[in-house]
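Each chain gets a letter, A, B and so on, in the order its sequence line appears, and its residues count up from 1.
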Amino acid sequence: MTINFFDNDLTSLHEKLVNKDISTVDLTQATLENIAKTDSELQAFIRTNSDEALLQAKKIDEQHDFSNMLSGLPLALKDNLATNGIETTGASHILEGFKPVYDATVVSKLSTAGAISVGKTNMDEFAMGGSTETSYYKKTANAWDHTKVPGGSSGGSAAAVAGGQIPFALGSDTGGSIRQPAAFNGIVGLKPTYGRVSRWGLFAMASSLDQIGPFTRTVKDNALVLNTIAGFDEKDSTSSKRDVPDFTSKLTGDVKGLKIAVPKEYFGEGIDPKVATTVKAAIAQLELMGATVDEVSLPHTKYGVAAYYIIMSSEASSNLQRYDGVRYGFRADDVKNLEDLYIKTRSEGFGDEVKRRIMLGTFSLSAGAYDAFFKKAAKIRTLLIEDFNKVFADYDVIVGPTAPTVAYGLGEEIDDPTAMYLADVLTIPVNLAGLPGMSVNAGFVDGLPVGLQIIGKPFDEVTVYQTGYAFEQASRLFEQRPNIAKKY
Amino acid sequence: MATGNFETTIGLEVHVEMQTNSKLMSPSPVHYGDKPNENTNVIDFGYPGVLPVANKGAIEFGMRAALALHATVSPFIRWDRKNYFYPDNPKAYQTTQSQTPLGTNGYLDVTLVDGTVKRVRIKEMHVEEDAGKNTHGADGYSYVDLNRQGTPLIEIVSEPDIASPEEAYAYLEQLRQAILFTGISEAKMQEGQMRADVNISIRPFGSSEYGTKVEMKNINSFNYVRNALIFEEKRQAEVLRSGGVIQQETRRYNEPTKSTILMRVKEGADDYRYFPEPDLAPITIDQTWIQKVADELPKSAGDRQHDYVSNLGIEPYDAEVLTQTLAMSDFYDATVAAGADAKRAANYLIGDVNAFMNKHQIELQDTQLTPAHLAGMIKLIEDGTISTKQAKQVFEAIMAGEEPESFAKKNGLVQISDPVVLLGWITDVLDNNPQSIEDFKGGKDRATGYLIGQLMKMSKGQANPGVMNKMLLEELAKR
């Protein structure tokens, strides 16, 4: 049998399983076939794990327990999420062949719910990049135009969902790595509030910024996935003990009286005018539906990129020190002594972008630079948080573009790190402030999707989903299909 | 105090392993002497994606040490990462508290050899992770054992208030005792549970500036510390007297030659790139929490000694012996609480019990003796149920875990003090020995000796001698 995920959201797949229209094994098999049909062009997966997936599917069919919405549904995981016994590399050479002996908390939660992970998706090496081009293994294509980048760092997960290979996937977002690829591929990607989802088992880039979140084709699907992966975890002391609400509770299509703030800085220099126009049209749509829209200011936005690249690289430089060739992963040959082992292993095991960030971070934390760099960046972070607090005193959500441009060509910016870093200007402040942020499709520019970013108050994903759902249902943009949809 | 015209300045950083159930940042057990890497998990190995969770018990143990050393417990602590590469440090950073030490501004009053008391100020105390152990095999490979990795340490940093190797020795001994009596560590030197980093400099008398300091790390014997300092005092004085300059350097103590050896010259500080640990939330410590820990803190050795002398009438020297370890002192308290005579209990612990421990080379807690059994035996002696001679047998039994009263009964080790029984025997003996009565009346004291011998024979040695003697004299008087 075949299955077309463009015709089925999670709810409809769930009903088919409950009604025994399809079996879990059939669905898993069909998903693996979808991937086999299109991954030569998309290159979204680093590897699939069909044996484990089919084994689990068989178990689900035997139990026929579909009390959890996600039971029996296939998904893909970004390759920086630890899966017990299944190779997990962070798309780095230094972890080639590494099989964790533990599951990430999100992985065990999904597995307990009965969801079936069919494979690990491509990403920028250790999530460092915005185009998935820094992966040691392969380059992933944009679902809408295979000559364009899928965004990053969770480009594989985004392309797999947008390209119809899989109904949902998980990614991680440190400075925009879920929202920007969601925008580039015209799908829904949410970075939850910092602390909403456990980071246990996520290969850390920057511990104070990283969050795991879902990619889906629709807002409702996204909320359903978050329902399963959110919540306190005693293994992650930065996860929040707050109650987890039903994230689908306000998916009514109604935004009457919702107070929307639009930061003028999010439409400033560097924003493609066509992107700006598309996003403004989306905001006008929300206003038409009864929301109030005001322009506001987030005055420290322009310092966000600089602060982010110092804090992120500082934390990353420390987090990535464990990859030393001593206990696991890649180890260089022909080493003379301990120092040689470290230097050769890390020189050969890491790619350029990772090395660049390790050096930047190591410098920022060094005794002579700490005050002027790390400490200053921490102060900017506080100012950015205060910016958001002021706006959120009067507004329910902040909206603007997700990225300054649509997807650019593969190979176009990979050699210009500064340009690449600046492209994160609209997503970075949300991570620095720990807020929830989501990208939904706002329309198209030259055949490529544009992301509408919706930013919420801390732990108010419900209102973010409410806003995104209302726009999505009014615009029906999720019904648009890339050419690749015809392959199924 | 001084060598020639120089005065000595010493500061000590002491690391004590805290014997919590689990490690500082992982649930792995803290236990010495197990097979390599037995007490480890994915967190200790620094696998990708693992996260630390701070052990509340370790923070409370740290607070105990801070309170025992009169330090101020910080109301807010967070963790910092100290970054460096080494195979015994799998994450390549040590979790420590560089910015917010758990305790600050403490002190220890140290009694010196001449009996004077010197206050050594404690600058700060932090909780941090211990490293694992690297060993280099004869096979050419190096081995890493991460059992110790992540064991919580309390680092106690003194001000440079110590003026001689002897003072350093006294400080370390008394610091160890203070730590022992918090119950957070047995501070066994030979197991590396207590280690000292030593800083020493000398300067001409009256100089307002300290001399250049030399550092020696990780010395795990107080004698070695003293010897190293004695050597350094002399070496530095000779360098200065011959017109030389002391370099800021790290040296190593070499026991066979009782000298120190240059390891490396420091050119500027090491850069450990300290920064706040982003995987852990900061911790607020309120007064209620501090009070709870203070309430759980065992009494110090000094307080206990004072108690023993003033309230229990124990000799000061004996009080000191009883408080050499927390285990002994706690055992003593429990024995007295169980109703034993305080002096007898002290004598037994200091004498027979200590001798037993020495003979078998074991710790008190590893014997089968319980405070209830010791108290039980002492009560049997006190109330005349057994003689001190019989007590020797009972002592051996309670050291083997036997209950004293039932053991004594089972083995007939009971004195007979019942006047009715005793009177019967006395009457018999006197009736059968009229000559002895005559001798007694005639003033021959030896006669009673013979009569007592007869009585003991008759009672098979079980007659209570005190009671029997008294009754015998009364009966003789009646004849």
Trainee: Output the option from B:Gly49, B:Pro48, B:Pro90 having the highest count of non-hydrogen pairs under 4.5 Å with chain A.
Mentor: B:Pro48
Trainee: Does anything in residues 275-294 of chain B get under 4.5 Å of chain A by heavy atoms, and if so which residues?
Mentor: B:Phe275, B:Pro276, B:Pro278, B:Asp279, B:Leu280, B:Ala281
Trainee: So which of A:Ser237, A:Ser208, A:Ser318 has the largest heavy-atom pair count under 4.5 angstrom toward chain B?
Mentor: A:Ser318
Trainee: Among A:Trp200, A:Tyr323, A:Phe203, single out the residue with the greatest number of heavy-atom pairs under 4.5 Å to chain B.
Mentor: A:Trp200
Trainee: Go through the atoms of B:Val42 and report whether side chain, backbone, both or neither lie under 4.5 Å from a heavy atom of chain A.
Mentor: side chain
Trainee: Does any backbone or side-chain atom of A:Leu95 lie under 4.5 Å from a heavy atom of chain B? Answer side chain, backbone, both or neither.
Mentor: side chain
Trainee: Please enumerate all residues that pass salt bridge (Lys or Arg N to Asp or Glu O under 4.0 Å) together with A:Asp79, with sequence neighbours excluded.
Mentor: A:Arg47, A:Lys120
Trainee: Below 4.5 Å from any heavy atom of chain B, which atoms of A:Leu202 appear? Answer side chain, backbone, both or neither.
Mentor: backbone
Trainee: Could you check which of B:Ala92, B:Pro52, B:Ser142 has the highest count of heavy-atom pairs closer than 4.5 Å to chain A?
Mentor: B:Ala92
Trainee: Is the side chain of B:Tyr47 donor-acceptor paired with the backbone N or O of A:Tyr328 at a distance under 3.5 Å, no angle test?
Mentor: no
Trainee: With no hydrogens and no angle check, just 3.5 Å: does a side-chain donor-acceptor pair link A:Ser366 and B:Arg273?
Mentor: no
Trainee: If I measure from the heavy atoms of chain A, does B:Tyr274 come under 4.5 Å with its side chain, its backbone, both, or neither?
Mentor: backbone
Trainee: Looking at residues at least two apart in the chain, or sitting in another chain, which of them share a salt bridge (Lys or Arg N to Asp or Glu O under 4.0 Å) with B:Glu155?
Mentor: none
Trainee: Does any non-hydrogen side-chain atom of A:Tyr102 lie less than 4.5 Å from one of B:Val50?
Mentor: yes
Trainee: Which atoms of A:Ala104 are under 4.5 Å from chain B, going by heavy atoms: the side chain, the backbone, both sets, or neither?
Mentor: neither
Trainee: Among A:Val101, A:Asp324, A:Thr362, who wins on heavy-atom pairs under 4.5 Å with chain B?
Mentor: A:Thr362
Trainee: Might you confirm whether atom NZ of A:Lys355 has over 12 heavy atoms from other residues, nucleotides or ligands at distances under 6.0 Å?
Mentor: yes
Trainee: Go through the structure and list residues passing ring-ring contact (aromatic ring centres under 6.0 Å, His included) with B:Phe85, not counting sequence neighbours.
Mentor: A:Tyr342
Trainee: Select, from A:Glu315, A:Glu234, A:Lys375, the one with the greatest count of heavy-atom pairs under 4.5 Å involving chain B.
Mentor: A:Glu315
Trainee: So which of A:Val326, A:Asn319, A:Asn80, A:Thr238 has the biggest tally of heavy-atom pairs under 4.5 Å with chain B?
Mentor: A:Asn319
Trainee: Report which part of A:Asp210 has an atom under 4.5 Å of a heavy atom belonging to chain B: side chain, backbone, both, or neither.
Mentor: neither
Trainee: State, with a plain yes or no, whether a side-chain heavy atom of B:Leu51 is found less than 4.5 Å away from one of A:Arg199.
Mentor: yes
Trainee: Going by atom types only, do A:Arg322 and B:Asn89 share a side-chain donor-acceptor pair under 3.5 Å?
Mentor: no
